[in-house]
Amino acid sequence: MPRFDPALYSFHRETPEADDYRRLRAVSGLSPKSEEAARRGLPNTLHAVVVRFEGRAVAMGRVVGDGGAFFQIVDMAVEPAHQGRGIGKAIFAALMDWLHENAPDSAYVSLIADGDARHLYAQFGFEPVMPASIGMALRVQAR
């Protein structure tokens, strides 16, 4: 598969549209999000990158958090047809650049690494927090 070619892909520092967000999460294997969850959550994005191929969103990544003490990198998603070209690494690098420019000293940046993504994140200095800490999660389900 050819590597990332900046002539074919355009990077945009913007929050994804709700439809693109939901589609990219689904096709990349991330958990689905309801329309309401996307509508409420996306405006709270601190920083995001959307990558387009022929005008269509094919990848994204976001930073969320309180803007001072805590930040979380979320929604790292690349359409399967565009994976393996370095697009995810380029998005992650852009998110990290923004964090280094905007997060204050002592800020805590966290993420959940699914599968082999941990190898990418380790290249940027992320380390497992176990055994001192363990990540925990709860998915809210409609009752």
Distance-only polar pair, side chains of R52 and S10, donor-acceptor under 3.5 Å: no
Sequence neighbours left out, what passes side-chain hydrogen bond (donor to acceptor under 3.5 Å, both in side chains) with R118? Give chain and number order. none
Could you list the residues that satisfy ring pair (Phe, Tyr, Trp, His ring centres under 6.0 Å) with F126, not counting sequence neighbours? F92
Contacts of R56 that satisfy salt bridge (charged side-chain N to carboxylate O under 4.0 Å, His left out) - sequence neighbours left out: E79
Restricting to ring pair (Phe, Tyr, Trp, His ring centres under 6.0 Å), what partner residues turn up for F53, sequence neighbours left out? Y9, H82
Kindly give the heavy-atom pair with the smallest separation between G68 and D66, and that separation in Å. N-OD1, 2.8 Å
Interatomic distance, R22 atom CZ to L42 atom CG [nearest 0.5 angstrom]: 10.5 Å
Go through the side-chain N and O atoms of S31 and R25 and say whether any donor and acceptor fall under 3.5 Å apart. yes
Taking salt bridge (charged side-chain N to carboxylate O under 4.0 Å, His left out) as the test, write out the residues that go with E54, two or more places apart. none
Clusters formed by hydrophobic residues whose side-chain heavy atoms approach within less than 4.5 Å: which one holds L30, and what are its other members? none
Carboxylate-amine/guanidinium contact E35 R39, below 4.0 Å: no
For M76 and G88, work out which heavy atoms get closest and say how close. CE-O, 3.4 Å
